[in-house]
There are 2 protein chains.
Amino acid sequence: MVTIKDIAREAGVSISTVSFAFNGTAPVAPETKARIMEVIKRLNYQPNSAARGLVTRKTNSVCLFTPHPATDFFSFSGNNDFNGLLQGIGEVLDHKDYNLLLAWDSLGHKTKTPKLVKLMRERAMDGVLICLPEHDFQTIEELTEQNFPVVIVGSNSQANRVNSVDVDNYEISYKNTRHLLGLGHRRIAFISPGPLNYLVCEDRYEGFKDAMEEAGLRLRDDYLYIGDEKEQSGYKAAEHFLTLKEPPTALVAGRDAQAVGVIDYARAHGTSVPGDLAIVSFENSAAAVKYGISSATTNLYEIGKEGARLMLKLLGRKKDRAPQNVVIPSELVVRESCGGRSSALNADVKAEADADQA
Amino acid sequence: MVTIKDIAREAGVSISTVSFAFNGTAPVAPETKARIMEVIKRLNYQPNSAARGLVTRKTNSVCLFTPHPATDFFSFSGNNDFNGLLQGIGEVLDHKDYNLLLAWDSLGHKTKTPKLVKLMRERAMDGVLICLPEHDFQTIEELTEQNFPVVIVGSNSQANRVNSVDVDNYEISYKNTRHLLGLGHRRIAFISPGPLNYLVCEDRYEGFKDAMEEAGLRLRDDYLYIGDEKEQSGYKAAEHFLTLKEPPTALVAGRDAQAVGVIDYARAHGTSVPGDLAIVSFENSAAAVKYGISSATTNLYEIGKEGARLMLKLLGRKKDRAPQNVVIPSELVVRESCGGRSSALNADVKAEADADQA
DNA sequence: CTGAAAGCGCTTACAG
DNA sequence: CTGAAAGCGCTTACAG
């Protein structure tokens, strides 16, 4: 292993000068610097990260704390595009020469995060991006108190207290529902992508609820189905809804996979989509394209990018400021499944949407 | 930040004794140890990883080096279950209290791996698991020469020179093809899941080729289609094959997504699967289940686990031994798509397969 | 069983 | 512009 001493000896200078030259942290005579850099290049020197970290108190790495892959969270979360999140985070981090540490708690712990606290205490990373279905705000507070940068990526019920980046699931769901209402539907059902105590699910349900109530429609228990991340739950939901005395004419699917399940059921039972049942969904995944599902975008790539950017910003700051909450825009991509694709209808919806904005 | 000095002062001992007690690296009087541990617990002490790493020369972290997520490699590689790989690696690493570093080269570099060399030189990790479609063996050799542990996870053309863990794609493809031959097919086509210079593709093609040649069948150029990771390429392949003067009666799909594309085409054109076209594939993904595709398993979870285990073994070793190549078993899950599901047929195939083993 | 001391490879005041 | 020295927080011989 070639150390700074080797470079110093070979270049005939002190180790401080090598450090200054390499890091550009103090002026060094051009000829001296050139000589040093030549030796560095020749000997393939790279400063030992542990030694450097020990004195700078920085690891130059950021941790992404997520559920253990086995929990299938990214499949759950309304987007199985974990790669998109990773890509966004990775690109921003790489650009600033930060490393990415991937961590999760051992299986079994639900919202407890001992591993995270341990990593913070041993200073294994400079900051953490947390992406979980439910949060352990006690731990987060503990980290924040120690001035340890935390950014929540995805749903976050304590928005004003913690830095975060997410789409606005409530707003998206509200607009999805308004879209169906705008098409004339009154009997609209909702499939939750998971238990309602999960933040994403709660937000999506609330948006649906408020849009319905604003339209003067009451919520029917039999028009709510609590599903999970799988296609099968959409299939089951469709079975439930379509065998009711008075089936819904439209539904808000909790995620694209569920919408696919609904369509599979409809195809198998001669139900027309959107004729008998109009569908809007969340995610805008590849499946939405393939099945012609109208779906609102959840750009995990952008969420990852903004999350990493916010983290880097926090790391570059001396004093802490008030938490920041970044909202990534989303839009409903209208396809066949909702029956709102005809240009005339679209124009109406568009106008209505614009009016909503004002 | 609470350091070993704080603990030593509070417990009224020297820092060495604290270290010995905490790490169990030297005998400490029971009462002393109890007192120290109490203080450690009370003050929430966790040794600084950089300081520790500086002297032990270990980071206790392993790097997974993969293509940048944007390259969609895991979608390509015959299995988009990146989570499975992560889960396998993560579980084993967690168990031994190792951290996982995720790294890739900046976009643009293809098989060059400067980032990897940099991470090794600065000692940011103890070893690396490499999972790439093509390998930069010059870099790998460089790492190996420095006694830096390397394990290739997935395809590897230099098996005997580098540690690796993978399924045997050649063997799987050979058996897939034999399965179709066993069902009586003679006009069998092959769709490659990517360019033939990719190792996975080459292996799968070679297995197909050898099985065909052994059966005394010649390879027809028009029965080979070079696709990519997307469903669409299966659709296109089906279009190509089924509009030939003499269309194949069976085909080996390069991956499940392609098989899905083929089935989509068949459904849209009234072609019966397996009646007019029998299909076997690779991956055994959720899509294979949904579409009833006969597909050979690629257990990325197991590959990840064995990869991490091998890495840990290497890290615990003083002297280096000859490279080890772990093969993860695979089996063909027979479903409707190949027409080989009837028990009678299966019995034949089974018998034949057994005969092959002998 | 315990402590004083050296040292891991860097960065960073501090002198000059 | 350059160097000698202290020190980051640990581990690990070495004495006793």
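Throughout, protein chains are lettered first and strands after them, A, B, ... in sequence-line order, and every chain is numbered starting at 1. This is a predicted model, so every value here is computed, not measured.
In DNA chain D, runs of at least 3 stacked Watson-Crick or G-U pairs (N1-N3 plus N6-O4 or O6-N4, or N1-O2 plus O6-N3, all under 3.5 Å) give these stems: C:1-3 with D:14-16, C:5-12 with D:5-12, C:14-16 with D:1-3.
Under 3.5 Å, the side chains of B/Ser19 and B/Ser16 contain no donor-acceptor pair of N or O atoms.
Rounding to the nearest 0.5 Å places OG1 of B/Thr66 at 7.5 Å from CG of A/Leu86. The distance from the NZ atom of A/Lys5 to the OH atom of A/Tyr45 is 12.0 Å, given to the nearest 0.5 Å.
By the 4.0 Å N-to-carboxylate-O rule, A/Arg309 lies close enough to A/Glu306 to be salt-bridged with it. For the pair B/Asp97 and A/Lys115, the salt-bridge criterion is not met [side-chain N within less than 4.0 Å of a carboxylate O].
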For every nucleotide of nucleotides 8-16 of chain D, 5' to 3': is a protein heavy atom under 4.0 Å from its base (B), only from its sugar-phosphate (S), or from neither (-)?
BBBBBB---
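Using a 4.0 Å cut-off, some side-chain N or O of A/Thr17 falls inside it from OP1 or OP2 of D/dG3.
Residues that satisfy the side chain to side chain donor-acceptor pair (under 3.5 Å) test with B/Arg121, not counting sequence neighbours, are A/Asn44, B/Glu142.
Pairs engaging residues 45-65 of chain A under the salt bridge (Lys or Arg N to Asp or Glu O under 4.0 Å) rule: none recorded [sequence neighbours left out]. Sorted by first and then second residue, the side chain to side chain donor-acceptor pair (under 3.5 Å) pairs involving residues 25-34 of chain A (not counting sequence neighbours) form an empty list.
The shortest side-chain heavy-atom distance between B/Ile140 and B/Asp136 does not fall under the 4.5 Å cut-off.
Here the options are B/Leu315, B/Val151, B/Asn325, the test is side chain to side chain contact (heavy atoms under 4.5 Å, CB included), and the partner is B/Leu310; only B/Val151 passes.
Shown for residues 27-39 of chain B: no residue has heavy atoms falling under 4.0 angstrom of DNA chain D.
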